[in-house]
A.B. asks: 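Sharing a structure below in structure tokens format, with a few things to ask.
Numbered from 1 within each chain, the chains take letters A, B, ... in sequence-line order.
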2 protein chains.
Amino acid sequence: MSFKLEIETVRQQKLARYAKALGHPVRVYVLELLSKQSCCYSGDISQELPIAKSTLSQHLKELKDAGLIQGEIEAPRIKYCINKENWAEAQLLFKEFLKM
Amino acid sequence: MSFKLEIETVRQQKLARYAKALGHPVRVYVLELLSKQSCCYSGDISQELPIAKSTLSQHLKELKDAGLIQGEIEAPRIKYCINKENWAEAQLLFKEFLKM
DNA sequence: ATTTTATTTCGTAAAATTACGAACAAATAT
DNA sequence: ATATTTGTTCGTAATTTTACGAAATAAAAT
């Protein structure tokens with residue numbers, strides 16, 4: 001009996017998706033910032049980083065599309081927070097993966 | 001006294017670099033395979049995956065460039081193994097990051 | 001009503017990623 | 001010597017990523 005390693009599973013695709021979202025220093029920075037202060041505004045982040053606001057906005061969109069963060073409108077600003085449910089999933093997937 | 005979160009540090013860049021390398025299902029698969037059997041040949045991997053050999057070769061190159069794997073020539077084949085030193089570093093970086 | 005504030009979306013451009021098959025290299029087997 | 005085996009590199013193409021500034025949006029302040 002041989003155990004064939006699963007290929008291209010949903011699990012692997014999810015892990016890769018989260019990893020991809022973390023594949024840029026700015027996005028790593030943003031997630032770490034959000035973890036430190038639970039939530040924050042786009043402008044707070046923008047002040048610290050030497051990139052255009054529109055560029056930051058794109059990075060935030062990618063984190064959102066990957067499901068790692070979410071934004072609530074608190075006009076005229078937007079409050080970004082970690083998406084706890086998906087973050088927990090990502091943590092689990094990475095933990096399992098790193099154990100290997 | 002306020003503690004400003006470090007921005008664009010070497011640590012964040014390293015983490016992002018490793019994450020980026022894991023940002024594709026095939027590369028996640030390869031790393032898991034290598035962890036299961038310590039080492040293996042490109043052909044062994046190729047057999048399992050529905051992608052062209054040249055494409056797999058590119059993915060292997062990216063994992064190698066990111067430092068996560070290494071290849072020893074064992075002509076006419078190449079034996080790929082996990083780069084333990086860098087893998088340990090990646091594990092540590094991710095672990096710290098996930099703790100947040 | 002108009003201006004200000006905070007942030008996104010649009011338009012654009014350069015660079016990187018992903019994928020394939022064909023051509024190439026290098027050692028082994030015939 | 002030549003063919004076979006194992007992988008890589010090359011050439012090419014489509015798509016995605018990254019980045020910027022300008023224009024747009026939408027609520028709040030004046």
A.B. asks: Could you state the atom-to-atom distance from CD1 of Ile51(B) to P of dT8(D) in whole Å?
C.D. replies: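 Going from CD1 in Ile51(B) over to P in dT8(D) covers 12 Å.
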A.B. asks: So Ile45(B) and Val26(B), do their side chains get closer than 4.5 Å, heavy atoms only?
C.D. replies: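 Side-chain contact under 4.5 Å: no.
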A.B. asks: Rounding to 10 degrees, work out the angle separating the end axes of the helix from dA1(C)-dT30(D) to dT30(C)-dA1(D) (five pairs an end).
C.D. replies: 0°
A.B. asks: Any chance the side chains of Tyr29(A) and Glu48(A) put a donor and an acceptor closer than 3.5 Å?
C.D. replies: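 Not at all, the side chains of Tyr29(A) and Glu48(A) share no donor-acceptor pair under 3.5 Å.
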A.B. asks: For the residue pair Leu34(A) and Cys81(A), establish whether any side-chain heavy-atom pair is separated by less than 4.5 Å.
C.D. replies: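 No, side chains not in contact.
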A.B. asks: Between Tyr80(A) and Glu72(A), is there a side-chain donor-acceptor contact under 3.5 Å, judged purely by atom types and distance?
C.D. replies: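 There is no such pair (donor and acceptor under 3.5 Å, judged by atom type) between the side chains of Glu72(A) and Tyr80(A).
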A.B. asks: Does Lys99(A) come within less than 4.0 Å of Glu96(A), counting only side-chain N to carboxylate O?
C.D. replies: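 Salt bridge between Lys99(A) and Glu96(A), a charged N being under 4.0 Å from a carboxylate O: yes.
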A.B. asks: Return the value, rounded to whole Å, for the distance between atom CD1 of Ile69(B) and atom C1' of dG7(D).
C.D. replies: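 About 13 Å, once rounded to whole Å.
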A.B. asks: Round to a whole Å and report the spacing from CD1 of Ile45(B) to C1' of dG7(D).
C.D. replies: 11 Å
A.B. asks: Name the one of Arg27(B), Glu32(B), His24(B) that satisfies side-chain hydrogen bond (donor to acceptor under 3.5 Å, both in side chains) with Gln12(A)?
C.D. replies: Glu32(B)
A.B. asks: Side-chain contact, heavy-atom cut-off 4.5 Å: Val30(B) with His59(B)?
C.D. replies: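 Not in contact.
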A.B. asks: For every nucleotide of nucleotides 6-18 of chain C, 5' to 3': is a protein heavy atom under 4.0 Å from its base (B), only from its sugar-phosphate (S), or from neither (-)?
C.D. replies: SBBB------SSB
A.B. asks: When you measure from the side chain of Asn86(A) to the backbone of Asn83(A), do you find a donor-acceptor pair of N or O atoms at a distance under 3.5 Å?
C.D. replies: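 Side chain of Asn86(A) to backbone of Asn83(A), a donor-acceptor pair under 3.5 Å: no, none is there.
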A.B. asks: Could you tell me the separation between the CD atom of Glu72(B) and the C1' atom of dG7(D), rounded to a whole number of Å?
C.D. replies: 16 Å
